[in-house]
Amino acid sequence: MIASVMFDRDKLVGIGGFNENLGMCEDWDAYLRLSRRYSFGCHSNIVATYVRHSGNMSNAVPKLRKWIRTVRKLEKARGLTIDEMAAWHEGEAVWRSFYPRPARDPVFVRVRRRLALMGWAA
């Protein structure tokens, strides 16, 4: 959560700042790019609490899944070592557990197929 992070401005600027072309996950992308050059510090004190409510961007799961995939593609394109690939797969399992794919409603699937057969965009 961005509220629990302090940045060294020069380092953040040095990695190109936040990617404003991303619709979500700009903070996560910046963390990944920063971690390629710098180590992170932490402490055990609680400094913020994440409260889920109806207005959270995290509730827009399909949109969030899209931007997670986008950031992961960007990170993979930067190149990963064997250890980083292992972490990549572990991370994927974690985010999929938080944001699973919705179960497909059989009626929706049939209607979508029918529309595709009729030449409508599906």
Side-chain angles (χ1 to χ4, degrees):
M1 177 174 68
I2 196 77
S4 61
V5 177
M6 291 179 59
F7 294 97
D8 178 318
R9 186 180 193 288
D10 291 336
K11 291 177 181 173
L12 184 61
V13 169
I15 56 114
F18 292 101
N19 182 345
E20 296 180 18
N21 294 318
L22 297 172
M24 294 174 93
C25 304
E26 301 94 330
D27 53 347
W28 183 40
D29 176 67
Y31 301 151
L32 291 170
R33 288 182 288 121
L34 282 164
S35 72
R36 288 180 167 270
R37 293 190 193 175
Y38 309 104
S39 50
F40 285 53
C42 66
H43 58 80
S44 59
N45 297 334
I46 296 174
V47 296
T49 302
Y50 186 76
V51 178
R52 300 266 329 232
H53 55 79
S54 62
N56 281 106
M57 289 177 71
S58 299
N59 293 330
V61 174
K63 185 176 178 182
L64 183 58
R65 286 176 57 84
K66 171 194 171 193
W67 290 110
I68 288 171
R69 284 190 307 270
T70 299
V71 169
R72 286 176 58 83
K73 284 179 187 174
L74 290 170
E75 182 64 7
K76 195 171 185 181
R78 294 177 189 120
L80 300 172
T81 66
I82 292 172
D83 289 340
E84 290 167 338
M85 269 312 283
W88 167 275
H89 291 296
E90 183 180 340
E92 183 172 42
V94 171
W95 76 261
R96 285 188 187 279
S97 73
F98 280 107
Y99 304 107
R101 289 185 177 161
R104 290 289 184 170
D105 178 357
V107 173
F108 173 78
V109 171
R110 285 196 312 270
V111 169
R112 191 171 179 173
R113 280 189 199 135
R114 176 75 50 103
L115 289 172
L117 288 171
M118 293 170 49
W120 290 58

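Numbers here are sequence positions counted from 1. Values in this document were obtained by computation on a predicted structure and should not be read as measured data.
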*Asks:* Roughly how far, to the nearest 0.5 Å, is SG of C25 from CZ of R72?
*Replies:* 11.0 Å
*Asks:* If I compare all heavy atoms of I68 with all of W28, which pair ends up nearest, and what's the gap?
*Replies:*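 Smallest interatomic distance, heavy atoms only, reads O-CZ3, 3.8 Å.
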*Asks:* Is the F18 ring parallel, tilted or perpendicular to the F7 ring (thresholds 30°, 60°)?
*Replies:*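 Rings of F18 and F7: perpendicular, as their planes differ by over 60°.
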*Asks:* Considering residues at least two apart in sequence or located in another chain, which fulfil the side chain to side chain donor-acceptor pair (under 3.5 Å) criterion with R114?
*Replies:* none
*Asks:* Please answer: with hydrophobic residues joined when any side-chain heavy atoms are less than 4.5 Å apart, are W88 and V71 in the same cluster?
*Replies:* no
*Asks:* Supply the atom-to-atom distance L22 CG to L74 CG, rounded to the nearest 0.5 angstrom.
*Replies:*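 Those atoms lie 6.5 Å apart.
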*Asks:* Are V94 and M24 connected in the hydrophobic side-chain network, where two residues link if heavy atoms are under 4.5 Å apart?
*Replies:*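 As far as the 4.5 Å side-chain criterion goes, M24 and V94 are connected within one cluster.
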*Asks:* Minimum heavy-atom separation for N19 to D29, with atom names?
*Replies:*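 Heavy-atom minimum between the residues: CB-OD2, 3.6 Å.
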*Asks:* Listed by chain and number, what are the side chain to side chain contact (heavy atoms under 4.5 Å, CB included) partners of V47, not counting sequence neighbours?
*Replies:* S4, H43
*Asks:* Looking at R78, I'd like to know if its CZ atom is crowded, meaning that more than 12 non-hydrogen atoms belonging to other residues, nucleotides or ligands lie closer than 6.0 Å.
*Replies:*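 More than 12 within 6.0 Å, yes.
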*Asks:* Using 0.5 Å steps for rounding, measure from the CZ atom of R69 to the CD atom of E92.
*Replies:*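 Rounded to the nearest 0.5 Å, the CZ-CD separation comes to 10.5 Å.
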*Asks:* Determine whether L80 and E75 satisfy the following criterion, side-chain contact (heavy atoms from CB on, under 4.5 Å), listing intermediate values before the conclusion.
*Replies:* CA-CA 8 Å; L80 300 172; E75 182 64 7; 4.3 Å; yes
*Asks:* If I compare all heavy atoms of A30 with all of I15, which pair ends up nearest, and what's the gap?
*Replies:* O-CD1, 4.0 Å
*Asks:* State which residues pass side chain to side chain donor-acceptor pair (under 3.5 Å) with E26; sequence neighbours excluded, sorted by chain then number.
*Replies:* none
*Asks:* With a 4.5 Å limit on heavy-atom distance, are the side chains of V5 and Y31 in contact?
*Replies:*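 Counting from C-beta outward, V5 and Y31 do come under 4.5 Å.
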